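Atoms within each ligand, like the ligands themselves, are counted from 1 in listed order. In this text, all values refer to a predicted model and were calculated from it rather than measured experimentally.
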Amino acid sequence: MEKIQMTTPLVEMDGDEMTRVLWGVIKEKLILPFVDLKTEYYDLGLLNRNATKDQITVDAARATQRLGVAVKCATITPNRQRMEEYPELTEMWKSPNGTIRAILDGTAFRVPIVLPMIRPVVKNWEAPITIARHAYGDMYKAVDMTTEEPGTATLTFKGESGAEKTLTVQTVDGPAVWQGQHNLEKSIRAFARSCFQYALAQKQDLWFSTKDTISKVYDGEFKRIFEEEYEASYKAEFEKAGITYFYTLIDDAVARVVRSRGGFIWALKNYDGDVMSDMVAAAFGSLAMMTSVLVSPDGTMEFEASHGTVTRHYYRYRNGEKTSTNPMATIFAWSGALKRRGELDGLPDLVGFGERLEAASLKTLEDGIMTKDLLPLVEPGFQVRGVDSWEFLDAIAARL
Ligand code: NAP
Ligand code: MG
């Protein structure tokens, strides 16, 4: 077979531990035999981040801005324990995902991989529900305090111009607890744009929900900015693509989501997204089957698995064990990146390859061959067999 050609490279960010091991095997068995792969390679493994004083992470993010598509392997975010495990570390380097998200000004979308033999807990969910969580502000950048005596709290903004705005929060007759939250108009706008861009790329409806009946000004601002962006920049494209933008109160959204068949994107404020993404992930079955896409307001996309480096499996692998680590989310990160590259460059063969890679992976599971983490999730009546990661990847390659 002649290899499928690429015109523009994509950014490849290598990572750590078990996912780094699988990264190499996925490329060797599933991609390099079929695609004349062009990547700009950045080694985000912990030791190389240390050696470059984390410049490599910044370089990888900049390259992503330039090339428009990236695929990322899971990486270690060092903590105290890691500082002991890797004594050569000169600093407790920040989360690479945090650094990349800040540079790309992006929103992370969490997408479950669904298949017929693993039914979600919610039986009527037939297609994936993608959660888009706003990643800035609100409770996550709030200030809090407690007070002990009767009194009054006020909220004051002092402008650089000298102008001031003050509100009374509450007058209390005893001990109380307080919180001050904020968000930025430019961050909300970037969030809205990323959501509209991703909905267009996926050709899926976009839902957005807040509590604007109660939080009329704060949540009202989110609602207003989404509407403004939609009307000004996306309405025509949505109509052309046959998809809809739908705003509803979060209480109503929760009820509709549970009764839905799935197959849409649900955008949520920071806290709502934090809670709902874990709820939806748990209901769909497994962290190992959850992918993640970071989307910039300009449509730049970085694809990755939602899970971490699977440290416990890596330690067993280092002791010579062929582990049964699930590579599905990492494979789908690669297929997502190749499809996006193909779409941007007008390469239907590359898009087709990404689709075939996904189909071959799903077919392998449907044929009952899977990593052991999935065995307990399979519905009764299906014949299944647990294999190690290498056997699983060979089975996909055979179908591909
Ligand atoms: P994790 O790597 O997601 O693994 C937690 C556990 O979930 C595993 O021990 C395993 O359970 C199960 N699991 C996760 N992915 C799996 C897969 N593909 N196949 C089979 N089982 C899977 O989370 P963690 O142990 O909390 O974090 C490990 C490292 O990853 C940390 O250094 C953290 O900083 C990093 N991390 C990176 C990212 C990222 O780069 N995006 C995200 C999260 C965490 P069993 O051991 O019971 O089989
Ligand atoms: Mg959470």
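A salt bridge links Glu85 with Arg82: the closest approach of a Lys/Arg side-chain nitrogen to an acidic carboxylate oxygen falls below 4.0 angstrom. The pair Glu221-Arg224 meets the salt-bridge criterion, with a side-chain N (NZ, NE, NH1 or NH2) lying under 4.0 Å from an Asp/Glu carboxylate O. Between Lys372 and Asp388 there is no salt bridge, since no side-chain nitrogen of the basic residue lies less than 4.0 Å from a carboxylate oxygen of the acidic one. We find that Arg341 and Glu12 are not joined by a salt bridge, their nearest charged nitrogen and carboxylate oxygen being 4.0 Å or further apart. Salt-bridge annotation for Asp219 and Lys223: absent, with no side-chain N of the basic residue lying under 4.0 Å from a carboxylate O of the acidic one. Using a 4.0 Å cut-off between charged nitrogen and carboxylate oxygen, Glu343 and Arg340 count as a salt-bridge pair. Ion pairing of Lys27 with Asp14 is absent here, as no side-chain N (NZ or NE/NH1/NH2) approaches a carboxylate O to less than 4.0 Å.
Residue-ligand proximity, Thr311 to ligand 1, at heavy-atom distances under 4.0 Å covers atoms 28 (C), 29 (C). Set against the non-hydrogen atoms of Ala74, the atoms of ligand 1 under 4.0 Å away are 40 (O). Within ligand 1, the atoms closer than 4.0 Å to a non-hydrogen atom of Glu304 are 41 (N), numbered from 1 in the order shown.
Taking Ser233 as the reference, nothing meets the side chain to side chain donor-acceptor pair (under 3.5 Å) condition, with sequence neighbours excluded. In terms of the ring-ring contact (aromatic ring centres under 6.0 Å, His included) criterion, residue partners of Phe109 (sequence neighbours excluded) are, by chain and number, Tyr198.
Ranking protein heavy atoms by distance to atom 2 (O) of ligand 1, first place goes to Val310 N, 2.7 Å. For atom 43 (C) of ligand 1, the nearest protein heavy atom (residue, atom name, distance) is Gly308 CA, 3.5 Å. Looking from atom 47 (O) of ligand 1 to the surrounding protein, the closest heavy atom is Arg312 NH2, 2.7 Å.
For atom 5 (C) of ligand 1, the nearest protein heavy atom lies 4.0 Å away or farther. The protein reaches atom 35 (C) of ligand 1 closely, with a heavy atom under 4.0 angstrom from it. For atom 26 (O) of ligand 1, no protein heavy-atom neighbour is present inside the 4.0 Å cut-off.
Inclusion of Thr75 in the set of residues having an N or O under 3.5 Å from an N or O of ligand 1 is warranted. Inclusion of Leu287 in the set of residues having an N or O under 3.5 Å from an N or O of ligand 1 is not warranted. Considering both main-chain and side-chain atoms, Ala288 never comes within under 3.5 Å of ligand 1 through any nitrogen or oxygen pair. Taking only nitrogen or oxygen atoms, main chain and side chain alike, Thr309 reaches within less than 3.5 Å of ligand 1. For ligand 1, the polar-atom distance check against Thr77 finds a nitrogen or oxygen pair separated by under 3.5 Å.
Classified by interplanar angle (parallel below 30°, tilted 30° to 60°, perpendicular above 60°), the ring pair Phe208/Tyr247 is perpendicular.
There is a side-chain donor-acceptor pair under 3.5 Å between Thr156 and Thr166. Side chains of Asp345 and Thr7: a donor-acceptor N/O pair is present below 3.5 angstrom, by distance only.
Contacts with ligand 1 closer than 4.0 Å are made by no heavy atom of Glu17, backbone or side chain. Counting heavy atoms closer than 4.0 Å to ligand 1, residue His307 contributes atoms from both its backbone and its side chain. Contact annotation: for Arg82 versus ligand 1, heavy atoms closer than 4.0 Å belong to the side chain alone.
When Asn326, Thr323, Asn97 are checked for heavy-atom proximity to atom 20 (C) of ligand 1, Asn326 turns out nearest.
The closest approach between Lys72 and ligand 1 falls below 4.0 Å for a heavy atom of the residue. Ligand 1 is approached by His313 to a heavy-atom distance shorter than 4.0 Å. Heavy atoms of Met18 stay at 4.0 angstrom or farther from ligand 1.
Here the side chains of Leu104 and Thr64 are in contact, with some heavy-atom distance below 4.5 Å.
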